[in-house]
2 protein chains.
Amino acid sequence: MAVKSGAFRGSAPIFAALGDGTRLRLVARLCAGGPQSIARLTAGSEITRQAVTKHLLVLADAGLVRGVRKGRESRWALEPEQLEVARRYLDLISEQWTQRLEALERHLESMPETKARAGKRKRSPA
Amino acid sequence: MAVKSGAFRGSAPIFAALGDGTRLRLVARLCAGGPQSIARLTAGSEITRQAVTKHLLVLADAGLVRGVRKGRESRWALEPEQLEVARRYLDLISEQWTQRLEALERHLESMPETKARAGKRKRSPA
DNA sequence: ACCTACAGCAACCTACTGGTTGCATGTTAG
DNA sequence: CTAACATGCAACCAGTAGGTTGCTGTAGGT
């Protein structure tokens, strides 16, 4: 319920931004190496500087990253807030799922005699 | 470092699968409503049954969901393991980022006199 | 002043993605 | 047996995504 009501509205673009190997690598690099210029991020990568730029723009669009022009280079840094949003969303789903399981278990335990349909019980009660 | 070494190898496809609004809605529905048939998942959705099927297949490909044919219908259920993988990945990145920040702070505090470059100090030491 | 490195912009190409329609197949209820 | 239902499979289509090349602009070093 709670999961359906709006919390996820903004989450999909974040996941989509993280859903590309190259971009995920960029995020990891920015996380491990701190704010870096495009040229530095391109070095060691298999792709072109322009491709890196595009990916950074996608990440920025999702709010995962932010870049400021500093002199002749532009430094890009991780912006952890949206990352937290995604994390919270996954937490929410996980939690809701386990709640479902527990509720189901309780339900099954509360009516072993109600209809006494053999084969559906978890613990055969002697 | 740790974030670069392999942990993310399988994460990108998971994020990619979650990176679509329709699919995210499906996940939410499966989470809130439990295992359901395709027809039931299609009801209330704007798209075709076939589209739903395709999305389910994508989710299944990422290991997020699993479906078994039961009679004339096939019941699809959430598979929370891969969800956990994604969650752990985000945890890892977040943690690593805060560690970076703390290390940076310690570093700045440990050398206010080393070179004494004015304007970079956090607390002007009188 | 000049050369070089860093970056932005635009056009273009290929492949994949989300979605559709149409038809075939298996299953359950009468 | 037959009708209605739930799926599966295949072809097809438009739009977008990832990537490239080429050119322009601008900031720094010497």
Side-chain angles (χ1 to χ4, degrees), chain A residues 8-30 33-78 82, chain B residues 8-30 33-78 117:
Chain A
F8 76 95
R9 282 265 123 68
S11 306
I14 307 178
F15 289 128
L18 295 175
D20 179 277
T22 308
R23 247 150 17 215
L24 208 49
R25 235 160 313 191
L26 277 179
V27 167
R29 238 173 126 164
L30 284 178
Q36 298 173 42
S37 74
I38 295 181
R40 179 131 166 254
L41 285 170
T42 303
S45 184
E46 300 294 309
I47 58 179
T48 322
R49 170 182 63 86
Q50 278 84 343
V52 172
T53 300
K54 278 195 185 180
H55 283 301
L56 286 175
L57 288 179
V58 172
L59 287 171
D61 234 51
L64 286 165
V65 110
R66 222 184 59 169
V68 290
R69 185 115 196 205
K70 197 88 179 183
R72 74 174 157 180
E73 70 180 17
S74 71
R75 298 186 73 75
W76 292 78
L78 200 65
Q82 293 304 103
Chain B
F8 77 97
R9 282 266 124 67
S11 306
I14 307 178
F15 289 128
L18 295 174
D20 178 278
T22 307
R23 244 144 27 210
L24 207 50
R25 234 160 315 192
L26 277 179
V27 168
R29 241 176 122 162
L30 284 178
Q36 298 173 43
S37 74
I38 296 181
R40 179 132 167 254
L41 285 170
T42 303
S45 184
E46 300 295 309
I47 58 179
T48 322
R49 170 182 63 86
Q50 278 85 344
V52 172
T53 300
K54 279 196 184 178
H55 283 301
L56 285 175
L57 288 180
V58 172
L59 287 171
D61 234 51
L64 286 165
V65 109
R66 223 185 58 170
V68 290
R69 185 116 196 203
K70 196 89 179 183
R72 73 173 158 182
E73 71 181 16
S74 71
R75 298 186 74 75
W76 292 78
L78 201 64
R117 301 205 312 213

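Treat the numbers as computed from the prediction; the structure is a model and nothing was measured. Chain naming here is simple, since letters A, B, ... match the order of the sequence lines and numbering starts at 1 in each.
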Main-chain N/O of A:A51 paired to A:T48 side chain as donor or acceptor, under 3.5 Å: no

Any donor-acceptor N/O pair, A:R49 side chain to A:I38 backbone, under 3.5 Å: no

Pairwise side-chain contact, A:L18 with B:L18, heavy-atom cut-off 4.5 Å (strictly under): no

Approximate separation, where rounding is to 0.5 Å, of A:Q36 CD and A:E73 CD: 10.5 Å

Distance, nearest 0.5 Å, that separates NZ of B:K54 from CG of B:L57: 9.5 Å

Euclidean distance, A:H55 NE2 relative to A:R25 CZ, rounded to 0.5 Å: 9.5 Å

B:L64 side chain near B:I14 side chain, heavy-atom distance below 4.5 Å: yes

Sequence-aligned protein contact record of nucleotides 14-29 of chain C, with B where the base is within under 4.0 Å of a protein heavy atom and S where only the sugar-phosphate is: ----SBBBB----BS-

5' to 3' contact window, DNA chain D with chain B (heavy-atom distance under 4.0 Å): D:dC5 to D:dC9

B:L26: which of B:L59, B:V58, B:D20 passes side-chain contact (heavy atoms from CB on, under 4.5 Å): B:L59

Dot-bracket pairing map - DNA chain C, Watson-Crick plus G-U, both contacts under 3.5 Å, | cross-strand: ||||||||||||||||||||||||||||||

Any side-chain heavy-atom pair of A:V52 and A:L56 under 4.5 Å: yes

Side chain to side chain, A:L78 and A:V27, heavy atoms closer than 4.5 Å: yes

